[in-house]
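Throughout, a chain's letter reflects where its sequence line sits, starting with A, and its residues are numbered from 1.
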Amino acid sequence: MPELPEVETVRRGLERALPGRRIVAVSAPETEPTWLAWQAAWQAALTGRAIHAVRRRAKFLMLDLDDDLALVVHLRMTGALTVNQADEPPARFHRVALRLDNGTELRFGDMRRFGTVEVLDPAGLAARLAALGHEPLDDALDAAAVRAALGRSPRLATKAALLDQRRIAGLGNIYADESLHRAGIHPQTPVGTLTDAEIARLTVAIKEVIAGGVAHNGTTFDAEGFRDAYGNPGGNLAFLRVYHRHGQPCLTCGKDTIAQMRLAGRSTHWCPTCQPERVVSSR
DNA sequence: ATGCGCCTGGGA
DNA sequence: TCCCAGGCGCAT
């Protein structure tokens with residue numbers, strides 16, 4: 001599922017192809033009534049406009065267009081943005097295509113239909129991004145900022161806090177689990193009980209895990225999984241230490257088995273030795 | 001703070 | 001046939 005590293009990987013791919021291109025047509029398949037319904041409005045809004053830049057904020061992609069409009073895409077679970085030759089046959093879950101002035105198309109596909117594509121003006125874009133918390137790789141996100149962002153609730157599980165995009169934006173289930181493992185923090189640890197040392201480790205862990213994911217072009221599990229703008233899988237799977245590794249030996253301590261539980265509605269993976277549960281006093 | 005609904009394919 | 005995967009908005 002696309003989290004910050006996957007979205008950044010897509011952004012980097014799009015940046016090689018889109019800036020300077022002009023949109024010449026918008027089309028959706030006849031078999032896609034919901035996307036077809038937008039076709040005329042998007043045709044009017046987008047045709048003739050040039051793409052100036054491809055930006056990312058958390059898991060949002062923004063294509064800056066003429067007249068301060070932006071095409072804003074969120075891939076959610078299974079969305080994909082690809083650059084294709086216009087005469088290539090569409091992918092299985094193709095939803096909408098922007099025809100460009102050089103014979104290529106920017107295509108959006110989405111198996112589960114959770115993804116969103118919007119055309120926004122500056123006010124609309126600002127509103128869309130307003131609630132997002134810190135960008136993980138921002139230098140401004142130091143330990144003090146992590147402490148402030150996570151808060152001091154005595155009950156909120158640290159993993160739930162990491163998934164809350166209003167606190168730190170861009171982590172999803174994979175990189176939240178990986179960050180907690182690297183920091184040696186049990187996922188259920190209440191944020192209010194995190195020590196300064198734990199916050200410091202978590203801050204470094206988040207940055208390393210996210211930067212590693214970006215460096216390896218994102219995490220791809222299988223043939224249906226994440227693809228970059230040119231259809232290539234990412235290589236970060238080999239670097240995961242807990243996610244989807246339940247029942248397998250811990251690569252960090254070598255003596256325990258990765259455990260799995262349900263937390264905040266998500267499948268959660270951790271090593272009981274490397275991430276011991278906080279012993280809670282009964283008095 | 002928790003759970004549901006959205007959506008679909010794949011696996012048990 | 002049922003359950004699971006899960007980002008996010010919304011209801012409870």
Could I get a table of every N or O pair under 3.5 Å where one atom is in the protein and the other is in nucleotides 1-5 of chain B?
| unit_1 | atom_1 | unit_2 | atom_2 | d |
| --- | --- | --- | --- | --- |
| B:dA1 | OP1 | A:S153 | OG | 3.3 |

Residues which pass side-chain contact (heavy atoms from CB on, under 4.5 Å) with [X], listed by chain and number, not counting sequence neighbours:
X	answer
A:P2	A:E6, A:V7, A:L75
A:P233	A:T220, A:R227
A:T116	A:H74, A:R76
A:D66	A:R22, A:R49, A:A50, A:H52

Under the 4.5 Å side-chain heavy-atom rule for ILVMFWY, direct or indirect, which residues accompany [X]?
X	answer
A:L125	A:F60, A:M62, A:V72, A:L120, A:L129, A:L132
A:F93	A:M111
A:I258	A:V242

Where do A:G13 and A:Y230 come nearest, in terms of heavy atoms and distance? O-OH, 2.6 Å

Specify the closest pair of heavy atoms between A:H186 and A:Q275, including all atoms of both residues, with the distance to one decimal. CD2-O, 3.3 Å

Could you check whether A:R166 gets within reach of a base, just the sugar-phosphate, or nothing at all, counting any heavy atom under 4.0 Å? nothing

Determine, for nucleotides 7-12 of chain C in 5'-to-3' order, which nucleotides have protein heavy atoms under 4.0 Å from the base (write B), from only the sugar-phosphate (write S), or from neither (write -). BB----

Going by ring pair (Phe, Tyr, Trp, His ring centres under 6.0 Å), name the residues that satisfy it together with A:F108, two or more places apart in sequence or in a different chain. A:W35

Parallel, tilted or perpendicular: rings of A:W42 and A:W38 (30°, 60°): parallel

Nearest-Å distance, [atom1] ([X]) to [atom2] ([N])?
X	N	atom1	atom2	result
A:M111	C:dC4	CE	P	17 Å
A:F93	B:dC7	CZ	C1'	11 Å
A:R113	B:dC7	CZ	C1'	8 Å
A:D110	C:dA5	CG	P	19 Å

Terminal axis angle for the helix from B:dA1-C:dT12 to B:dA12-C:dT1, five pairs an end, nearest 10 degrees: 60°

Where along residues 214-233 of chain A does a heavy atom come under 4.0 Å from DNA chain B, residue by residue in number order? A:E224

CG-CG distance between A:L18 and A:N102, expressed to the nearest 0.5 angstrom: 9.0 Å

Minimum side-chain heavy-atom gap A:I206-A:L162 below 4.5 Å: yes

